[in-house]
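Written out below as structure tokens is the structure these notes cover.
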Amino acid sequence: MDGRKGTLGWKKWLVIVLVGLAGQFAWAIENNQINLWVYSQTQNSNYITWMTTISAVAATLTTFFMGVLSDRLGKRKIFIAGGYVLWGLSVGAFGLASYSNMEVLYGAASASLAVGISMALLDTVMTFFGSTGNDACFNALVTDMTSPSNRGKVESILAVLPLVANVAMLFAQMAFNANANIDPDLSIAENAAKAAPGWQLFFLVFGILVIIVGVVSFFLIDDSSLEPRKEGNYWANLVHGFRPSVVKKNGRLYLALLTFMAFNAAVDSFLPYYMVYFQNPVELGGLGYSGDNIGMFYLAFAIILVLAAAAAILTGFYMEKIKKHNLIFPAIGLGALGSLLLYFAVEPAFVIVSATLLMSGYLIGTSSLGAIVRDLTPKGEVGLFQGVRMVFAVMLPMIIGSNVSQLFFNLTGEIYVSGSTFEEVYAPTAVMFLVALAFMLLAAVPGTFLFLKERKKEPEAPVPGN
């Protein structure tokens, strides 16, 4: 389980790829597809921000409690398998929160708000199960199974899995006719009714898929060599990673986490909204890749994701030779350049080139920073630090990035009157890429100190157990 050998056997690779990919299917739905779903039912991006913020908090709290509990019990498999099964059930339930269902329950005047609240609650439940199985325990399992000599390859694969999942989601959306093709001449209720059937089948199919992988993972994962960590008080262990003495002894780790926080705030400035931005009509501040032009949406995203994935895989397999810290600034540079260009991009070719640069920077940065964080996590305390990683790399970026962009949407975006019912809708605009650019530049500050310390490679003493 400790992964000290330089190579991984086929069974460990199968666990990493199969469980990792199924998890990314679910996270892709949580990060992208439910945003399209909610927008198709409400035409209000505020609800996307609600879900992003609430799920970030839920994911972090879950990872804290379940990561420490997993370490304390010396168990990973049961949390991963059980978490995935319940995760799949919650994904399948998303389709219940349709505009028409909420209209029947709460009336037309409250239907959109009810969709937003219901999806925020369902998203929270889904996040609890997903973070238990994936963020807390699968992440810890990967750290248990790997070593610094093979983490570059593993992290590059893990970083690419979200893009593989997103490509699969695109084809599935096409197959199930699940989209957010908003017709400005129709009311919110009419647009919602048109979109609902495809989305409901989409959620059901992928919910079942995640359940199946959860069952299979119970027979694939071997955590028998993991020793229970009984030291210290459970509640004290929850805050272990925030103690000043722990921070001081692990300075490089916390520099990496600060860099990760700013970098992911840049990513979360656009990631919850970019698929809506691509599909939204030009009148709503989008690129208009919908309706008769929906083919361009799928083509553009397929090209962007494949090229970015190729760049990340190639970089990952040479990461150990290049050295992880040497990728920090190229990743930030690609992300910053792509963000700036996307703000101005309108023509499809320009959009594809700009978005490929941005997504390549995102993946290279995620894989290199993720590998650095794993390398610097104290041995024997992996579960204790999963919650810390979630605070810096997930919760704070998701809250800060998404809410800053939403603030600018509401300040700079046009309020459009939808259909014949004169309903106001709040749409994502290209300003989110300027927000992303600002956070990319901010990430360079702690990134510089991390780069300098990593070059020196001053070893730090492991933190003793409580």
Side-chain angles (χ1 to χ4, degrees), residues 31-32 52 152 155-156 158-163 166 255-275 277-278 300-301 303-316 318-319 322-345 350-373 392-394 396-402 404-405 408 428-451 454:
N31 291 328
N32 294 312
T52 302
E155 286 294 336
S156 68
L158 291 176
V160 167
L161 290 183
L163 289 194
N166 274 295
L255 274 177
L257 289 169
L258 284 173
T259 308
F260 221 164
M261 181 178 72
F263 186 86
N264 277 353
V267 172
D268 289 314
S269 298
F270 70 86
L271 197 63
Y273 312 106
Y274 76 116
M275 295 188 80
Y277 172 74
F278 269 68
F301 263 89
I303 294 172
I304 292 163
L305 297 179
V306 168
L307 290 178
I313 291 174
L314 184 63
T315 303
Y318 289 97
M319 189 180 291
I322 299 171
K323 304 299 182 186
K324 303 176 186 77
H325 59 273
N326 288 329
L327 292 171
I328 294 171
F329 288 110
I332 291 173
L334 285 171
L337 179 60
S339 298
L340 179 62
L341 294 178
L342 265 173
Y343 178 74
F344 298 103
F350 192 11
V351 169
I352 290 171
V353 170
S354 303
T356 299
L357 291 174
L358 176 56
M359 296 303 287
S360 297
Y362 157 43
L363 287 180
I364 293 170
T366 299
S367 59
S368 59
L369 287 169
I372 290 171
V373 168
F392 283 94
V394 177
L396 292 177
M398 287 179 72
I399 293 173
I400 296 169
S402 63
V404 171
S405 284
F408 281 100
T429 65
V431 72
M432 62 186 171
F433 298 118
L434 292 184
V435 176
L437 172 62
F439 280 117
M440 285 287 180
L441 297 177
L442 183 62
V445 178
T448 299
F449 291 101
L450 174 62
F451 174 77
E454 284 296 288

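Source: prediction; values computed, not measured.
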| said: I need the full list of salt bridge (charged side-chain N to carboxylate O under 4.0 Å, His left out) pairs touching residues 324-334, with sequence neighbours left out, sorted by first then second residue. | reply: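 Qualifying pairs: Glu320-Lys324, Lys324-Asp375.
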
Just jot down the side chain to side chain contact (heavy atoms under 4.5 Å, CB included) partners of [X], sequence neighbours excluded, or say none.
X      : result
Leu161 : Leu21, Gln24, Ile157, Leu158
Val394 : Met390, Met398
Ile399 : Thr53, Ala56, Val57, Met395, Asn403
Ala438 : none

**Item:** Verdict with reasoning, Tyr273 to Ser402, per side chain to side chain contact (heavy atoms under 4.5 Å, CB included)
**Value:** CA-CA 9 Å; Tyr273 312 106; Ser402 63; 3.5 Å; yes

Sequence-distant partners of [X], ring pair (Phe, Tyr, Trp, His ring centres under 6.0 Å), two or more places apart:
X      : value
Phe433 : Tyr277
Phe329 : Phe451
Tyr343 : none

First locate atom [atom1] of [X], then atom [atom2] of [Y], and finally report the distance between them rounded to the nearest 0.5 Å.
X      : Y      : atom1 : atom2 : result
Leu334 : Met440 : CG    : CE    : 9.0 Å
Asn326 : Ile322 : CG    : CD1   : 8.0 Å
Ile332 : Ser339 : CD1   : OG    : 11.5 Å
Asn166 : Leu305 : CG    : CG    : 6.0 Å
Leu357 : Leu307 : CG    : CG    : 10.0 Å

Self-check item: Exercise: identify the closest heavy-atom pair between Ala345 and Val351
Solution: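 Heavy atoms of Ala345 and Val351 come nearest at CB-CG2, 3.7 Å.
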
What closest approach, in Å, do Ala436 and Ser269 show between heavy atoms, and which atom pair accounts for it?
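Shortest heavy-atom separation between Ala436 and Ser269 comes out as N-CB, 3.9 Å.
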
All N/O donor-acceptor pairs, side-chain side in residues 257-265, below 3.5 Å, sequence neighbours left out:
unit_1, atom_1, unit_2, atom_2, d
Thr259, OG1, Leu255, O, 2.9
Thr259, OG1, Gly447, N, 3.3
Asn264, ND2, Ala393, O, 2.7

Please tabulate, for side-chain N and O atoms in residues 366-373, each donor-acceptor pair with protein atoms closer than 3.5 Å (sequence neighbours left out).
unit_1, atom_1, unit_2, atom_2, d
Thr366, OG1, Tyr362, O, 2.7
Ser367, OG, Leu363, O, 3.1
Ser367, OG, Ile364, O, 3.1
Ser368, OG, Ile364, O, 2.9
Ser368, OG, Gly365, O, 3.3

Ser405 vs Phe270 side-chain heavy atoms within contact, under 4.5 Å:
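SC-SC contact between Ser405 and Phe270 ruled out.
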
| said: Quick check: do Leu342 and Phe350 have side-chain heavy atoms less than 4.5 Å from each other? | reply: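 Sidechains of Phe350 and Leu342: no contact.
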
query: With a 6.0 Å cut-off on ring centres, are Tyr274 and Phe301 close enough?
result: yes

**Prompt:** How about Phe449: does its CZ atom have over 12 heavy atoms from other parts shown lying under 6.0 Å from it?
**Reply:**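 No.
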
Practice item. Quick one: list whatever passes side chain to side chain donor-acceptor pair (under 3.5 Å) with Asp268, sequence neighbours left out. Key: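 None.
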
